[in-house]
Participant: 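One structure, pasted below without further comment.
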Amino acid sequence: MHHSRLLRRLLRKGRCQFWRRNQKAAILQLPLDILVLITDNLALHDKFLLSHTCKALRQVLLQEWDIELPQLSFEHQIGFWVGLAYTLPSRWVCLKCCKLHPIDTSDVPAAFMLIKYGAVRTVPCSLESSRGIEVEQYSVQHYHIQLALKLSRLGNVYQQYLAALMQTFTHTRTKYSLTPPLTEFYAAEPRIINRRFILREEWKISNNTNTALPLFPDQLGCSIPVCPHMRITMGGLVGSRNWKESSINVIVHWCNIMSPHEGSILLKEVTLLEDSIELAYESPGQWIFNSCLHCSTDLAVMISTDERKATIRAWHDFGIEGSPLDASWKAHVRDENRANWLYVGPYVDYTHGSIRELWSEHVSHGTGTSHAKLRSIFTKLIDGWSEV
Ligand SMILES: [Zn+2]
Ligand SMILES: [Zn+2]
């Protein structure tokens with residue numbers, strides 16, 4: 001509300017009198033018109049919080065929250081709740097219900113499937129704000145990230161829950177491996193570095209038998225969902241690449257929404273993981289580094305010198321505290337509303353390799369590993385574009 005209208009209302013209702021009687025706190029010693037001028041520039045959630053500090057300020061702000069809030073756009077309503085949740089340790093913003101939900105200290109990434117499908121569910125909505133690509137039992141949700149960042153910032157509440165949110169998760173599959181008799185190991189390790197939520201994931205596929213087996217067999221195969229844009233689905237390296245190529249060909253030749261040139265660029269972008277693994281096979285024992293073009297995710301791949309073990313690591317930067325509507329979060333989430341899964345979204349601007357370096361600086365403080373840096377595949381990719 002414009003402050004002159006508010007002033008008129010205050011004067012009409014005699015609130016100036018009330019105001020003069022309550023000038024004890026420093027802020028209340030300001031002339032009323034100056035204070036109104038200041039509060040007019042506050043974000044809505046800040047006005048809400050200010051109006052709940054004392055009767056005098058409630059009278060000054062005089063917002064009718066129940067009426068005004070539903071009239072806002074969805075984005076502004078979410079922004080309001082995000083602003084409130086920032087200061088409330090035990091609340092998080094639900095995108096589906098467009099309101100705050102209370103904290104549930106049993107709800108951690110490693111237990112999300114139990115929370116979602118099991119009897120321990122406490123959230124009264126079927127919200128899922130994960131990345132939508134997870135095949136493991138570990139599923140980090142947007143509100144896990146936000147709660148972890150907030151509790152870490154506050155430092156004095158729900159610290160046990162914070163520790164549970166930040167716990168490393170590991171899982172080994174042997175008997176039920178997707179690629180028997182290979183062993184699949186998965187680990188997810190979250191960390192808060194410089195107030196950013198960074199997640200490192202690792203997949204290890206091992207052949208512990210005496211026979212020579214392909215680590216990424218064409219039949220059955222394993223699923224490696226590094227990010228929505230770098231994923232190996234069923235069918236191994238060759239099958240995954242062929243499937244993506246034929247899907248893009250269908251789009252180019254039948255849907256008429258992409259030129260052959262754009263199709264070939266897209267194919268390169270969505271097969272960076274396949275490229276990285278193939279390059280790693282050419283240089284066993286060496287790390288191959290790469291980065292996603294559409295979300296802030298660094299990648300490293302190594303095939304052991306005896307070619308019996310493949311290690312794939314990913315470092316994701318989920319950013320600072322924010323809204324589930326922020327582009328920085330949405331870039332990490334598979335867009336299920338798009339009919340075409342190959343919609344990759346806009347390019348994301350970040351320094352490739354910086355998330356991995358930030359992680360290793362934080363973890364080892366420069367003790368380092370013997371990673372041999374090969375030429376970035378990304379550089380090759382850029383070079384390749386001009387040849388297409
Ligand atoms: Zn909800
Ligand atoms: Zn990505």
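Order of listing sets the numbers, starting from 1, for every ligand and every atom in it. In this chain, numbering begins with 1 at the start of the sequence shown.
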Participant: What's the NE2-the Zn ion (ligand 1)-SG angle here (His101, Cys97), rounded to 10 degrees?
Facilitator: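 Angle NE2(His101)-the Zn ion (ligand 1)-SG(Cys97): 110°, rounded to 10°.
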Participant: Mind telling me whether Trp329 and His332 have parallel, tilted or perpendicular rings, with 30° and 60° as the class edges?
Facilitator: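 Ring orientation, 0 to 90° scale: tilted.
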Participant: Are Trp81 and Cys98 close enough that some pair of their side-chain heavy atoms sits under 4.5 Å apart?
Facilitator: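 Trp81 reaches Cys98 side chain to side chain.
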Participant: Can you tell me the N, O or S atom of His229 that's nearest the Zn ion (ligand 2)?
Facilitator: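 Closest to the Zn ion (ligand 2) among those atoms: ND1.
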Participant: Checking Lys268 against Glu262 for the salt bridge (charged side-chain N to carboxylate O under 4.0 Å, His left out) test, could you report, in this order, the C-alpha distance in whole Å, the side-chain angles of both residues, the deciding distance, and whether it holds?
Facilitator: CA-CA 10 Å; Lys268 288 192 179 211; Glu262 289 168 329; over 6 Å; no
Participant: Do Asp326 and Ser328 get their side chains close enough for a donor-acceptor pair, meaning under 3.5 Å?
Facilitator: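 No, no side-chain donor-acceptor pair sits under 3.5 Å.
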Participant: Given atoms SG of Cys227 and SG of Cys292, what angle do they subtend at the Zn ion (ligand 2), to the nearest 10 degrees?
Facilitator: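 The SG/SG angle about the Zn ion (ligand 2) sits at 110°.
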